[in-house]
Amino acid sequence: MGHGIALTFARAGCSTSVYDPNSQTLHTLNDRLADSMNMLAMTPQECSRTLARVSVADRLDECVVNADVVVEAAPENLQLKQQIFADVEALAPANCILASNTSVIPITDIMASLQRKERALGTHWWNPPHLIPLVEVIRTQHTAPQVIETMMSLLETAGKTAVRVEKDIPGFIGNRLQHALWREAISLVENGVCDAGAVDTVINASFGRRLSVLGPLANADLVGTDLTLAIHETVLGDLENSPKPSPFLEALVEGGQLGMKSGQGFYHWTPQEADAVRQTVSSHLRKLETILE
């Protein structure tokens with residue numbers, strides 16, 4: 001996520017510094033940037049200008065000492081993120097905006113120990129961040145209004161579709177919607193209604209095709225709120241509503257069936273098949289952006 005976020009800002013003209021405690025990650029930064037720029041079909045001249053705006057910092061203090069905005073993109077671990085922001089707050093300028101790219105952890109929890117909580121907020125980017133337009137901007141009860149406005153303006157200038165999240169809840173907007181769908185999808189397989197391929201085919205070949213131009217609430221208006229209500233009266237009581245993860249999913253993880261990275265999850269994956277899916281997704285996202293424009 002980090003290199004894609006850096007690429008987005010650098011491409012928009014921002015001087016960008018990148019730090020990672022893993023030296024190998026920093027060593028491969030330019031290669032990953034080059035791959036992503038090729039994916040975006042950037043011209044050689046634009047690539048050169050963009051790379052010139054990205055610097056690598058060997059230490060955290062070098063990275064943030066003159067920063068106007070810091071975006072953290074560390075793994076999804078609360079204690080780790082809290083420690084990062086404690087370190088960043090001690091090193092960055094007093095007026096620097098501090099943003100976490102967490103997927104589901106409440107921003108208030110991450111920023112709980114900051115001395116100046118009013119300059120902290122969440123910016124949830126979607127993977128890959130240089131291809132997915134959306135960034136959710138999450139305010140806490142402490143975030144100053146001007147900080148929200150500044151971040152919204154910065155993201156929009158960088159070509160992103162920024163959406164305000166006014167209440168800091170786990171998962172924000174997108175992941176709550178996405179994982180509500182995933183919970184029901186897993187339940188269908190777990191209960192023998194169909195296999196994983198059928199679930200994905202139904203979504204890919206039906207309502208998934210229109211989601212990029214017709215959101216669920218606009219669709220409810222399209223078919224009529226009366227029909228929507230009638231459907232809900234029949235189906236909602238039968239949907240999966242467990243507050244805990246699926247035992248089926250837990251068994252996959254406990255058995256080491258971790259998806260593409262292990263070669264087995266809901267499907268069996270060879271390295272070639274996994275790479276083909278990644279390439280298909282990237283190609284689709286590029287084509288979709290062109291179509292929507």
Side-chain angles (χ1 to χ4, degrees), residues 1-34 36-37 40 42 45-75 77 80-102 107-108 110-125 128-130 135-140 142-160 162:
M1 291 293 287
H3 92 275
I5 294 171
L7 172 58
T8 300
F9 283 128
R11 193 180 183 194
C14 301
S15 296
T16 307
S17 182
V18 178
Y19 169 75
D20 194 290
N22 186 324
S23 59
Q24 180 61 25
T25 299
L26 288 179
H27 180 72
T28 61
L29 175 64
N30 280 352
D31 290 338
R32 286 179 285 122
L33 288 171
S36 295
M37 288 188 292
L40 291 166
M42 293 168 58
Q45 294 79 9
E46 187 180 7
C47 290
S48 179
R49 290 194 299 268
T50 299
L51 283 175
R53 299 185 187 111
V54 180
S55 62
V56 173
D58 293 324
R59 302 195 314 267
L60 180 61
D61 59 336
E62 293 177 356
C63 185
V64 305
V65 64
N66 295 314
D68 296 309
V69 176
V70 171
V71 180
E72 162 269 318
N77 179 291
L80 173 62
K81 291 178 183 289
Q82 288 174 330
Q83 184 59 59
I84 288 172
F85 280 106
D87 295 339
V88 169
E89 186 175 44
L91 298 169
N95 61 347
C96 176
I97 294 175
L98 307 182
S100 175
N101 178 49
T102 181
I107 307 304
T108 302
I110 294 173
M111 308 299 186
S113 298
L114 293 185
Q115 298 299 309
R116 294 191 56 196
K117 297 181 179 65
E118 71 278 4
R119 60 172 169 159
L121 76 173
T123 53
H124 176 220
W125 300 61
H130 49 287
V135 180
E136 295 173 283
V137 179
I138 305 100
R139 68 178 296 272
T140 74
H142 306 291
T143 308
Q146 186 55 48
V147 170
I148 290 282
E149 296 303 328
T150 299
M151 181 58 73
M152 293 286 291
S153 177
L154 174 63
L155 291 168
E156 289 163 3
T157 299
K160 308 308 288 184

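These numbers come from the heavy atoms of this one structure, side chains and all, not from hydrogens, waters or symmetry mates.
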Evaluation steps, side chain to side chain contact (heavy atoms under 4.5 Å, CB included), between V135 and N101: CA-CA 9 Å; V135 180; N101 178 49; over 6 Å; no
Sidechain-backbone polar pair: S100 side chain, G122 backbone, donor-acceptor under 3.5 Å: no
Closest contact, heavy atoms only, A162 versus M152: O-CE, 3.6 Å
Intermediate values then yes/no, salt bridge (charged side-chain N to carboxylate O under 4.0 Å, His left out), R59 and E62: CA-CA 5 Å; R59 302 195 314 267; E62 293 177 356; 3.1 Å; yes
Nearest-0.5 Å distance, CG of residue L7 to CG of residue L40: 6.0 Å
Side-chain heavy atoms of T50 within contact of M42, under 4.5 Å: yes
Pair L51-L33, side chain to side chain contact (heavy atoms under 4.5 Å, CB included): steps then yes or no: CA-CA 8 Å; L51 283 175; L33 288 171; 3.9 Å; yes
Under 3.5 Å donor-acceptor, T28 side chain and Q24 backbone: yes
Donor-acceptor pair, side chain of R53 and main chain of A10, under 3.5 angstrom: yes
CG (N77) with more than 12 external heavy atoms under 6.0 Å: yes
Derivation of the side chain to side chain contact (heavy atoms under 4.5 Å, CB included) call for L91 and V65: CA-CA 6 Å; L91 298 169; V65 64; over 6 Å; no
Spacing of NZ belonging to K160 relative to CD1 belonging to I5, to within rounding of 0.5 Å: 9.0 Å
Side chain to side chain, R116 and L98, heavy atoms closer than 4.5 Å: no
V137 and R139, any side-chain heavy atoms less than 4.5 Å apart: no
Heavy-atom pair of closest approach, residues A99 and M151: CB-CE, 4.1 Å
Y19 to A57 - nearest heavy-atom pair and separation: CD1-O, 3.3 Å
No-hydrogen, no-angle side-chain donor-acceptor test under 3.5 Å, T102 and H124: no
Considering all heavy atoms, the nearest A6-V18 contact: CB-CG2, 3.7 Å
Closest contact, heavy atoms only, A12 versus A158: CB-CA, 3.7 Å
Aromatic ring pairing F9/W125, orientation class (parallel under 30°, perpendicular over 60°, tilted between): perpendicular
Nearest-0.5 Å distance, NE2 of residue H3 to CG of residue D31: 10.5 Å
Derivation of the side chain to side chain contact (heavy atoms under 4.5 Å, CB included) call for S17 and V56: CA-CA 6 Å; S17 182; V56 173; over 6 Å; no
Check: S36/H130 side-chain N/O donor and acceptor closer than 3.5 Å: yes
Spacing of CG belonging to L155 relative to OG1 belonging to T8, to within rounding of 0.5 Å: 9.5 Å
Ionic contact status for E89 with R119, cut-off 4.0 Å: yes
Pair T150, Q146: side-chain N/O donor-acceptor within cut-off below 3.5 Å: yes
Inter-residue atom distance L29.CG - D20.CG, 0.5 Å rounding: 9.5 Å
Side-chain donor or acceptor of K117 paired with backbone N/O of T140 under 3.5 Å: no
T25 side chain to S23 backbone, donor-acceptor under 3.5 Å: no
Distance (rounded to the nearest 0.5 Å) between E72 CD and L80 CG: 7.5 Å
For L121 against I148, the heavy-atom pair lying closest together: CD1-CD1, 3.9 Å
